[in-house]
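Reviewing the structure listed below.
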Amino acid sequence: LIKAADRLHLRDKGYRRASNRAFVLRLALIVIIAAALKMFVAEPTLVDGGSMTPTLRDGDRILVEKITYLFSTPRRGDIVICHYPGYFQYCVKRVIGLPGETVSIQDGYVHINGLPLDEGEYMNHNQTTYGDMPPMAVPDGHVFVMGDNRNNSNDSRNPEVGALERSQIIAHVQYIVYPLD
């Protein structure tokens with residue numbers, strides 16, 4: 001019985017056209033949904049460079065999500081994907097200073113409002129940041145970002161980058177997908 005129905009449908013040009021049209025519409029819907037998810041919700045990303053070593057290494061594959069910062073502000077310690085003025089590619093950095101705070105580097109350590117920042121949760125205590133940085137106020141609506149590899153990172157310490165506006169924070173890094181360790 002099924003074979004007879006299939007034979008009838010094969011000869012029916014209208015049925016074949018409708019079947020092909022339905023397939024194309026379903027495929028287009030899937031592509032639109034996938035593109036929207038990648039554009040507005042989450043996206044796999046490749047780390048290119050060593051500015052976040054040892055937390056993220058060159059070649060790591062990470063999953064970033066883009067919704068969090070539509071409804072909340074970045075918090076200190078968050079790893080974010082950001083866009084620097086005049087850059088064509090995105091950068092991955094850690095949020096260090098928040099709006100209204102003063103960030104400085106003294107004797108190899110980051111200070112917030114004159115007090116040493118406790119970064120023991122995510123930084124190697126033996127790592128010293130070379131070079132001091134005078135106090136820099138983080139304006140309202142901005143954040144101060146730095147790479148975890150403090151001595152090899154182009155970040156908010158660079159006057160050409162400076163503190164980033166919230167609109168320059170693109171996504172929040174959630175997971176390292178690969179390597180699995």
Side-chain angles (χ1 to χ4, degrees), residues 20-101 103 110 112 117-125 127 129 136 138-158 160-181:
N20 290 341
R21 190 175 307 129
F23 172 76
V24 169
L25 288 174
R26 283 188 192 114
L27 184 61
L29 181 63
I30 290 169
V31 168
I32 289 169
I33 289 171
L37 285 173
K38 182 178 179 188
M39 186 176 272
F40 300 112
V41 179
E43 177 177 2
T45 303
L46 177 68
V47 175
D48 183 18
S51 71
M52 285 298 292
T53 303
T55 308
L56 300 174
R57 297 178 303 253
D58 186 37
D60 282 358
R61 297 190 184 280
I62 56 177
L63 182 66
V64 302
E65 63 85 16
K66 302 175 180 183
I67 294 179
T68 295
Y69 298 137
L70 295 176
F71 304 104
S72 65
T73 58
R75 297 179 314 179
R76 185 181 339 277
D78 285 357
I79 299 175
V80 298
I81 302 296
C82 49
H83 183 260
Y84 289 173
Y87 273 58
F88 295 105
Q89 63 189 56
Y90 294 122
C91 300
V92 58
K93 301 295 175 195
R94 186 178 299 277
V95 175
I96 299 297
L98 302 175
E101 295 180 334
V103 180
V110 176
I112 302 293
L117 176 61
D118 179 12
E119 299 184 280
E121 198 174 303
Y122 51 84
M123 290 289 288
N124 180 347
H125 289 291
Q127 182 179 355
T129 303
M136 176 183 169
V138 181
D140 284 341
H142 290 68
V143 293
F144 189 96
V145 298
M146 294 176 76
D148 285 358
N149 185 358
R150 301 286 162 79
N151 299 314
N152 188 24
S153 176
N154 183 24
D155 49 39
S156 290
R157 294 173 288 177
N158 179 343
E160 292 180 13
V161 175
L164 301 179
E165 292 181 28
R166 282 270 329 274
S167 62
Q168 293 173 276
I169 305 297
I170 308 302
H172 185 207
V173 176
Q174 290 293 326
Y175 304 104
I176 298 174
V177 178
Y178 182 82
L180 299 176
D181 63 343

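Just so it is clear, the structure is predicted and the values come from calculations on it, not from any experiment. Both backbone and side-chain heavy atoms feed into the values below; hydrogens, waters and symmetry mates do not.
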Return the [atom1] to [atom2] distance between [X] and [Y], rounded to the nearest 0.5 Å.
{"X": "Cys91", "Y": "Met52", "atom1": "SG", "atom2": "CE", "value": "11.5 Å"}
{"X": "Ile32", "Y": "Leu25", "atom1": "CD1", "atom2": "CG", "value": "9.5 Å"}
{"X": "Ile67", "Y": "Ser72", "atom1": "CD1", "atom2": "OG", "value": "11.0 Å"}

Quiz item: Taking the inter-plane angle between the rings of His172 and Tyr69 on a 0 to 90° scale, is it parallel (under 30°), tilted (30 to 60°) or perpendicular (over 60°)?
Solution: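 Aromatic pair His172/Tyr69 classed tilted.
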4.5 Å side-chain heavy-atom contact, [X] and [Y]:
{"X": "Cys82", "Y": "Ile170", "value": "no"}
{"X": "Ile81", "Y": "Ile62", "value": "yes"}
{"X": "Arg157", "Y": "Phe144", "value": "yes"}
{"X": "Ile79", "Y": "Lys93", "value": "no"}
{"X": "Val145", "Y": "Val143", "value": "yes"}
{"X": "Asn151", "Y": "Thr129", "value": "yes"}
{"X": "Leu164", "Y": "Ile169", "value": "yes"}
{"X": "Val103", "Y": "Ile112", "value": "yes"}

Which atom pair, heavy atoms only, marks the closest approach of [X] to [Y]?
{"X": "Ala163", "Y": "Met136", "result": "N-CE, 3.5 Å"}
{"X": "Ser51", "Y": "Val92", "result": "OG-O, 3.9 Å"}
{"X": "Gly147", "Y": "Asp155", "result": "N-OD2, 3.2 Å"}
{"X": "Pro74", "Y": "Val95", "result": "CB-CG2, 4.0 Å"}
{"X": "Met146", "Y": "Ser153", "result": "C-OG, 4.4 Å"}
{"X": "Asp60", "Y": "Pro179", "result": "OD1-CD, 3.1 Å"}

Quiz item: Judged by atom type as modelled, is there a donor-acceptor pair below 3.5 Å linking the side chain of Gln174 to the main-chain atoms of Glu65?
Solution: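 Not a single qualifying donor-acceptor pair exists.
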Exercise. Mark yes when over 12 heavy atoms from residues, nucleotides or ligands other than Asp58 sit less than 6.0 Å from its CG; otherwise mark no.
Key: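 Yes.
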Quiz item: Just wondering, are more than 12 heavy atoms of other shown residues or ligands nearer than 6.0 Å to CZ in Arg166?
Solution: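 More than 12 heavy atoms, drawn from other residues, nucleotides or ligands, come within 6.0 Å of this atom.
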Quiz prompt | Stepwise side chain to side chain contact (heavy atoms under 4.5 Å, CB included) check, Val173 with Asp78 | solution = CA-CA 8 Å; Val173 176; Asp78 285 357; over 6 Å; no
Quiz prompt | Donor on one side chain, acceptor on other, Tyr87 and Asn154, under 3.5 Å | solution =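 Judged by distance alone, the side chains do pair up.
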Practice problem: Run the numbers on Glu43 and Lys66 for side chain to side chain contact (heavy atoms under 4.5 Å, CB included), then give the verdict. | Solution: CA-CA 8 Å; Glu43 177 177 2; Lys66 302 175 180 183; 2.6 Å; yes
Exercise. Apply the side chain to side chain contact (heavy atoms under 4.5 Å, CB included) test between Leu56 and each candidate in Ile176, Asn149, Asp148; give the one that qualifies.
Key: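 Looking at Ile176, Asn149, Asp148, the match for Leu56 under the side chain to side chain contact (heavy atoms under 4.5 Å, CB included) is Ile176.
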Practice problem: Pick out which of Arg94, Arg76, Arg150 makes a side chain to side chain donor-acceptor pair (under 3.5 Å) with Glu119. | Solution: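 Among Arg94, Arg76, Arg150, the one meeting side chain to side chain donor-acceptor pair (under 3.5 Å) with Glu119 is Arg150.
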